[in-house]
Each structure stands twice: as structure tokens, then as C-alpha cells.
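Notes for the one structure printed next.
Nothing here was measured: the structure is a model prediction, and the numbers come from that model.
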Amino acid sequence: MEQRYILNAIDAALQAGADILAIYNDPASDFEIERKADNSPLTIADRKAHETITGFLCNTPFPILSEEGKHLPYAERSGWDALWIVDPLDGTKEFIKRNGEFTVNIAWVHNSVPVMGVIYLPVKQELYFAEEQLGAYKLSGVTSRGGASLNELMASAIRLPATTVRDRFVIVASRSHLSPETEVYIEDMKRLHSGVELVSSGSSIKICLVAEGKANVYPRFAPTMEWDTAAGHAIVRAAGMEIYQAGKEEPLCYNKENLLNPWFIVEPKRMKN
């Protein structure tokens with residue numbers, strides 16, 4: 001993938017993060033919360049971030065599938081061999097709770113596979129970016145690219161997975177969506193591993209924790225959409241890991257007719273028999 005498109009996505013994520021923070025930190029803001037058809041919340045920050053990101057990405061030759069955009073019928077989308085998949089504000093519930101655990105997610109998908117991903121945590125000023133040929137990286141304390149080239153960003157970032165020595169088996173789980181099936185999985189892991197630690201987090205941060213090496217696994221036995229996982233999936237793939245469909249050897253795939261993901265597990269890449 002051309003470097004200019006990766007930089008485009010990084011710039012889009014950083015600017016969207018700045019727009020989100022301006023609303024988040026405004027004591028006079030009521031977030032203008034609405035309810036979508038599935039009863040999930042939508043705020044002015046979601047809408048503003050969507051406008052910002054599409055403003056950056058519309059100059060590329062690829063169509064955009066955004067949570068807050070118009071979802072075209074599969075008859076049209078099925079002809080897209082490459083596209084952007086975007087969640088302008090992942091973790092809207094966490095945003096509303098003001099716990100800081102929300103992200104901006106941008107992925108470039110080719111033939112149903114997430115090849116490039118950018119995730120930005122506005123409150124922590126942490127940027128994750130990855131491309132399957134270049135690897136996965138984390139950059140801290142960043143609010144703008146400042147004209148830096150991709151090579152300069154990579155040189156100042158930490159390559160993922162970072163070297164992490166753990167004496168416990170770490171499972172990361174959703175802060176807002178811990179299902180009974182996930183609880184069963186956790187109990188199963190406790191029987192397999194002598195020391196199990198459970199870490200709770202919101203949004204796509206959970207996927208990033210596995211990519212970083214801070215967690216062993218992230219099981220998700222509850223509904224998610226493609227834009228929730230595409231960017232994180234690109235990052236874990238570039239870090240040598242995978243997001244497998246629960247109970248299967250196949251990874252998640254994208255731009256499906258039904259944009260709902262099956263249940264999944266984020267973990268190190270399995271050895272093929």
C-alpha cells in the first residue's frame with residue numbers, strides 16, 4: 001500500500017481525535033446524545049469525527065464504509081475490492097461516561113482482508129498504526145504528525161509486539177459487554193492456566209493490548225460490527241497475531257453482505273497442521 005495513504009489515515013485519525021477532545025473537554029457540552037435504531041448512542045462527537053475523516057479520505061480512490069455514513073447495498077459494495085472501513089468514535093458509551101476509553105479507528109481493507117490500520121486514543125495521545133509489510137507500531141504523546149514522514153514515525157515508535165514478560169495469563173474483556181459466554185471462557189482458561197488475570201477496557205483498546213503483548217487473548221462473544229474490529233485486526237495481523245472466528249480456524253473477513261461480525265477471539269497466530 002502506498003505510504004501516502006497511510007499518512008492520510010494517520011492525519012485523519014489525529015485530527016478527528018482533536019475534534020473529539022474539543023467536545024469531550026468542553027464543560028458546556030451536553031454531547032447532543034441521540035439513539036440509533038439499535039438503541040446505541042450517537043453524539044455530536046461521532047458526527048464531527050465522521051465529517052473530518054471523510055474529508056481526508058474522500059481524496060483517495062477508495063470508497064468509505066463508516067459507521068456514521070450511508071451504508072450502501074451489498075449489490076454495490078460487493079464490487080469494491082479495496083475500501084476504507086471507519087469507526088469515527090469507537091466506544092461512544094465510554095465517551096459519555098468520560099472514562100477516556102474511546103478511540104478513532106481507520107482501516108484499509110483489500111479483498112476482505114484488513115491490510116492497514118490506524119487507531120488513535122485521544123485522551124492518552126497514543127497512536128497505533130500498522131501495515132502488513134511494514135509491521136505494527138505504537139507512538140505515544142502525539143497530537144499531530146507535524147510533517148514527519150512514515151519512516152520518521154516508525155523510527156520514533158515502539159515496534160509491536162513490545163517485549164513483555166508476564167507471569168500470568170492475561171485476558172482482556174469488554175468493560176461494557178461482558179457476556180455469560182465470555183465468563184464461561186474465562187473460567188475455562190482458569191482451569192488451563194495457573195494464574196489468570198482479567199483486564200477490563202473499552203473500545204478497540206482491547207485489541208491493541210493483545211497486539212502490544214500486554215494481554216494474551218481477547219475473547220468477544222457478543223455483537224460487534226466490522227468497523228469495530230477492522231483497524232485493530234490490521235494491527236494485530238501486522239504484529240503476528242490474528243482475529244479468529246470463535247470455534248473456527250478462519251479469521252474475520254470484511255465488506256460482507258451482513259456487516260455484523262461473528263463472535264471472535266484475538267490471540268497469537270495458530271500453527272497450521
Side-chain angles (χ1 to χ4, degrees), residues 1-2 4-73 76-77 80 82-98 100-109 114 116-129 142-147 202-205 224-232 234 254-255 259:
M1 185 184 187
E2 292 185 35
R4 62 191 171 117
Y5 296 138
I6 302 173
L7 294 174
N8 214 306
I10 289 172
D11 288 343
L14 293 172
Q15 184 57 57
D19 294 340
I20 291 167
L21 270 189
I23 298 166
Y24 184 74
N25 292 330
D26 181 359
S29 176
D30 65 358
F31 295 164
E32 298 183 20
I33 301 169
E34 300 175 9
R35 289 285 166 180
K36 294 190 280 190
D38 63 357
N39 204 37
S40 61
L42 173 70
T43 71
I44 185 175
D46 294 84
R47 294 189 292 271
K48 176 59 180 171
H50 167 77
E51 292 170 6
T52 295
I53 293 167
T54 53
F56 278 89
L57 301 185
C58 68
N59 296 320
T60 71
F62 312 111
I64 303 168
L65 177 62
S66 169
E67 177 177 14
E68 310 311 341
K70 184 178 180 182
H71 301 159
L72 296 173
E76 183 169 345
R77 288 191 292 107
W80 298 352
L83 72 154
W84 298 104
I85 297 185
V86 175
D87 192 340
L89 174 51
D90 183 29
T92 301
K93 289 182 180 178
E94 318 306 332
F95 175 84
I96 293 169
K97 292 175 187 175
R98 291 186 183 272
E101 294 180 353
F102 51 86
T103 60
V104 179
N105 300 348
I106 302 175
W108 186 78
V109 172
M116 187 277 295
V118 175
I119 291 179
Y120 184 53
L121 285 60
V123 171
K124 290 190 173 183
Q125 297 180 356
E126 293 176 344
L127 176 72
Y128 297 83
F129 61 97
V142 58
T143 56
S144 69
R145 183 163 62 90
S203 70
S204 60
I205 296 169
T224 59
M225 302 299 290
E226 290 189 8
W227 41 76
D228 295 316
T229 58
Y254 295 86
N255 195 29
L259 297 170

Taking all non-hydrogen atoms of both residues, which atom of Gly91 and which atom of Phe102 are closest, and how far apart? O-CB, 3.6 Å
Aromatic ring pairing Phe95/Phe31, orientation class (parallel under 30°, perpendicular over 60°, tilted between): tilted
Note, Trp80 side chain near Leu72 side chain (heavy atom, < 4.5 Å): yes
From Lys36 atom NZ to Glu68 atom CD, the distance as rounded to the nearest 0.5 Å: 4.0 Å
Say you draw a straight line from CG of Leu121 to CD1 of Ile20; how long is it, rounded to the nearest 0.5 Å? 10.5 Å
Pairs satisfying salt bridge (charged side-chain N to carboxylate O under 4.0 Å, His left out), at least one member in residues 117-126, at least two apart: Glu126-Lys138
Qualifying salt bridge (charged side-chain N to carboxylate O under 4.0 Å, His left out) pairs with a residue from residues 5-19, counting only residues at least two apart or across chains: Asp11-Arg145
Can you tell me how far CG of Leu65 sits from CG of Asn255, rounded to the nearest 0.5 angstrom? 6.5 Å
Check: Tyr254 and Thr229 side chains under 4.5 Å, non-hydrogen atoms: yes
Full working for side chain to side chain contact (heavy atoms under 4.5 Å, CB included) between Leu21 and Val123: CA-CA 7 Å; Leu21 270 189; Val123 171; 3.9 Å; yes
Side chains of Asn8 and Leu57, heavy atoms from C-beta outward: is any pair under 4.5 Å? yes
With a 4.5 Å limit on heavy-atom distance, are the side chains of Arg77 and Leu259 in contact? yes
Pairs in or reaching into residues 40-66: which pass salt bridge (charged side-chain N to carboxylate O under 4.0 Å, His left out), with residues at least two apart or in two chains? Glu32-Arg47, Glu34-Arg47
Could you measure the distance from the CD1 atom of Ile106 to the CD1 atom of Ile85? Nearest 0.5 Å is fine. 12.5 Å
Tell me, please, which residues at least two apart from Ala234 pass side chain to side chain contact (heavy atoms under 4.5 Å, CB included). Pro114
State, yes or no, whether a side-chain contact exists between Trp84 and Met116 at a heavy-atom distance under 4.5 Å. yes
Applying ring pair (Phe, Tyr, Trp, His ring centres under 6.0 Å), name anything that partners Phe56, two or more places apart in sequence or on another chain. none
Would you say Ile53 and Ser66 make side-chain contact, with heavy atoms under 4.5 Å? no
What's the spacing between Tyr120 OH and Gln125 CD if we round to 0.5 Å? 5.0 Å
Centroid separation under 6.0 Å, is that true for the rings of Phe62 and Trp108? yes
State, with a plain yes or no, whether a side-chain heavy atom of Asn105 is found less than 4.5 Å away from one of Asp228. no
Just to verify, what does Ser144 make a side chain to side chain contact (heavy atoms under 4.5 Å, CB included) with, not counting sequence neighbours? none
